[in-house]
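This report refers to the structure that appears directly beneath it.
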Amino acid sequence: MRPIPTLTARRRGFLLIGLGVILLALPLLDPNQADIDIAANCTAYSALALGLNIVVGFAGLLDLGYAAFFAIGAYAYGILASYQLQPPWTPDWQFLADIGFVSKLTIEGNAVVHFTFPFWLMLPGSALIAACFGIAFGAPTLRLKGDYLAIVTLGFGEIVPIVARNWTSLTNGAEGLNGVAPPHAFGYSFGINSIPYYYVGLAIVGLLLLVSVRLRDSATGRAWMAIREDEVAAGAMGIHTTRLKLLAFAIGAGFAGMTGTFYIAKLQTATPDMFDLPVSVMVLVMIVLGGMGSVWGAILGAVFLSLLQSLFLPALNNAVQGFGALIGSGFLQQLQITSASELIFGIILVGMMLYRRQGLIPAARKPPLLTTEQMHASVTRGAIDLPVHPARHARGAKPDLMIEGLTVRYGGLHALKSISMRVEPGQIVAIIGPNGSGKSTLFNAITGLVKPFDGSIRFAGEELIGLRADQILKRGIARSFQNIRLFPQLSVIDNVMIGQHARLKSGPLGAVLGLPSGRAEERAARVRAMALLGMFGNRLTPRADQLVSSLSYANRRRVEIARALASAPRLLMLDEPTAGMNPAESIELAEQIGELRALGLTILLVEHKLDVVVRLADHVIVLDHGDKLAEGKADEIRRNEAVLTAYLGRAAAHV
């Protein structure tokens, strides 16, 4: 099986080398300055699309005001490399003059400051400025979701051009900045020559492409995609969702800020109209066209729409008007197709949503097909030979979990009423009860997904109420969900690796730099994920690279359990783990859960199948309408008349 992926990687490498040679040789193949200028514009839009792809494609945050950060980066360089600001000269400016950031001018006998900040310094500087604006804007707003976030970002995208139009002392208002200094390199001024701008644009796209790919294939990228797929489940897997969304927003803003500096340096002017809503919409259409979350798709969509706007539509417009003159049609002669570019972009967007939602280059790679032997292989059972938590805390006299007086209300409805219970280290405790009795609410309260009205939840002596879901997981509590909450558009192994997020040390900077420690950690995480999948024999291992959405219900349950185990928990909470399994599979999974206890895990279990409860549980707690109805050994609970009444009805209990 190894030669096929190696051959594919080799072909991909040859294609990339060939594409790189063609792009580098383009000014030699086509020396026309107008064509090279169009190509340079394509690089600018490609950089913008890569930035928005991180925000929308990776993290799933609909940003309709992305052009605002483009404007911030453009004006940051334009103001600091033009004659717009001319404060009076004082000796305090001399230090900046010595390093080439300002110069002294004399106008009408008055000495003033002329800003000459270097283009090469302002490229990363503008990225940092725009990223800071992204953080400042995102911190209070990224707690919003869906349409609300889109509306807020739309408002921000409208505010920035309005500020640029009205803050005339800083931006020169609607007239725009003029005389922005072009870049210099080795004593050569770029001026209006398109060729050096084209090569700078290629370098920027290459850098941002590398950053995007490395982030996508890192723990940070998986966390973004988990948030995109299911934010609640992502938090329960140890992902600080707000921080990761803010990081995506800041990085995307940084990409736009850097691109803004490049773009205004090429044009040597900037007006507020260059950064209005249509720019944000155009970039959004680019990534939808190329493929949401697809790095290469974002570039392809940007190049296609850039060429469409600057090359194909003008050519079509001339052809239609020429045809109108030929046939004597005044309507066709006056038709301006180029002015309808936004309508055309909208049609493209609607068409992609209707007929190819995955885009031209889908982000999800096509999973390998199972071989005939794998599809017809007899089901085997795997062994659990991997320490679930090799660095467990020493057990003391304190219980692993102690709940006292826990009350949860939804308006006037009591989902839980003063529930008290304790789970000793190494126990398997089962929570049973009719539907609607509060079992899942109890799980949600323990894991921080529901805020209790009253009571205390202590784990290893530490209070959990008030902690976020990701903080609770880091303290050693992992869970599955009653209604499976996996990340369906990610592969099986990626789902399990997301479970390890809180235990990985490598951050986004390490991923971008490609540090050896980060690569080694990533390899170890993959090996551990495969070992956890192997716990279920040959059910999941051959399907490791397939999308979770393609699995059977029972296999999804197994993936969810493997994902919870990947976080190396001390307390494992399983909400109806055998749901969707036949009796033989239920017994097999029950035996595997029992083996997990032998590895040192404490297990809290919600289960409707009483044979599984009897087989596993050391202690059983019965809930009914939010009250604790009974507790004790499994055999005692089976004979409890109140329990039988709750489950079967009073008449059946007396039979």
[X] side chain to [Y] backbone, donor-acceptor under 3.5 Å:
X	Y	answer
Gln333	Ser329	yes
Ser491	Leu547	no
Arg228	Gly57	yes
Arg543	Gln546	no
Asn53	Gly293	yes
Arg556	Ser549	yes
Gln321	Leu335	yes
Asn172	Thr168	no

Sequence neighbours excluded and cut-off under 3.5 Å, please list the side-chain donor-acceptor pairs for residues 195-208, or say none.
from	atom 1	to	atom 2	distance (Å)
Tyr197	OH	Gly191	O	2.9
Tyr197	OH	Ala265	O	3.3
Tyr198	OH	Leu23	O	2.6
Tyr199	OH	Leu24	O	2.6

Can you name the nearest heavy-atom pair linking [X] to [Y], along with the distance?
X	Y	answer
Leu267	Met274	CD1-CE, 3.5 Å
Leu504	Ala525	CD2-CB, 4.1 Å
Ala47	Thr259	CB-OG1, 3.2 Å

Taking the six-membered ring for Trp, are Phe119 and Tyr77 closer than 6.0 Å centroid to centroid? yes
Dump the intermediate steps for side-chain contact (heavy atoms from CB on, under 4.5 Å) on Ile361 and Ile299, then the final yes or no. CA-CA 10 Å; Ile361 304 179; Ile299 295 176; over 6 Å; no
Do NZ/NE/NH1/NH2 and the carboxylate oxygens of [X] and [Y] come within less than 4.0 Å?
X	Y	result
Glu522	Arg222	yes
Glu231	Lys245	yes
Asp37	Lys266	yes
Arg165	Asp276	yes

Determine, stepwise, if the pair Asn317 / Thr338 fulfils side-chain hydrogen bond (donor to acceptor under 3.5 Å, both in side chains). CA-CA 7 Å; Asn317 191 80; Thr338 52; 4.5 Å; no
Pairwise side-chain contact, [X] with [Y], heavy-atom cut-off 4.5 Å (strictly under):
X	Y	value
Phe249	Phe137	yes
Leu26	Ile36	yes
Phe275	Tyr75	yes
Met292	Val56	yes
Pro272	Thr171	no
Val211	Leu50	no
Phe70	Leu48	yes
Leu209	Trp296	yes

Show me the donor-acceptor pairs within less than 3.5 Å that the side chains of residues 306-315 make with the rest of the protein, sequence neighbours left out.
from	atom 1	to	atom 2	distance (Å)
Ser306	OG	Ala302	O	2.7
Ser310	OG	Ser306	O	2.6

Under 3.5 Å, is there a donor-acceptor pair linking the side chains of Asn193 and Tyr188? yes
For residues Arg468 and His240, is any side-chain donor paired with an opposing acceptor at under 3.5 Å? yes
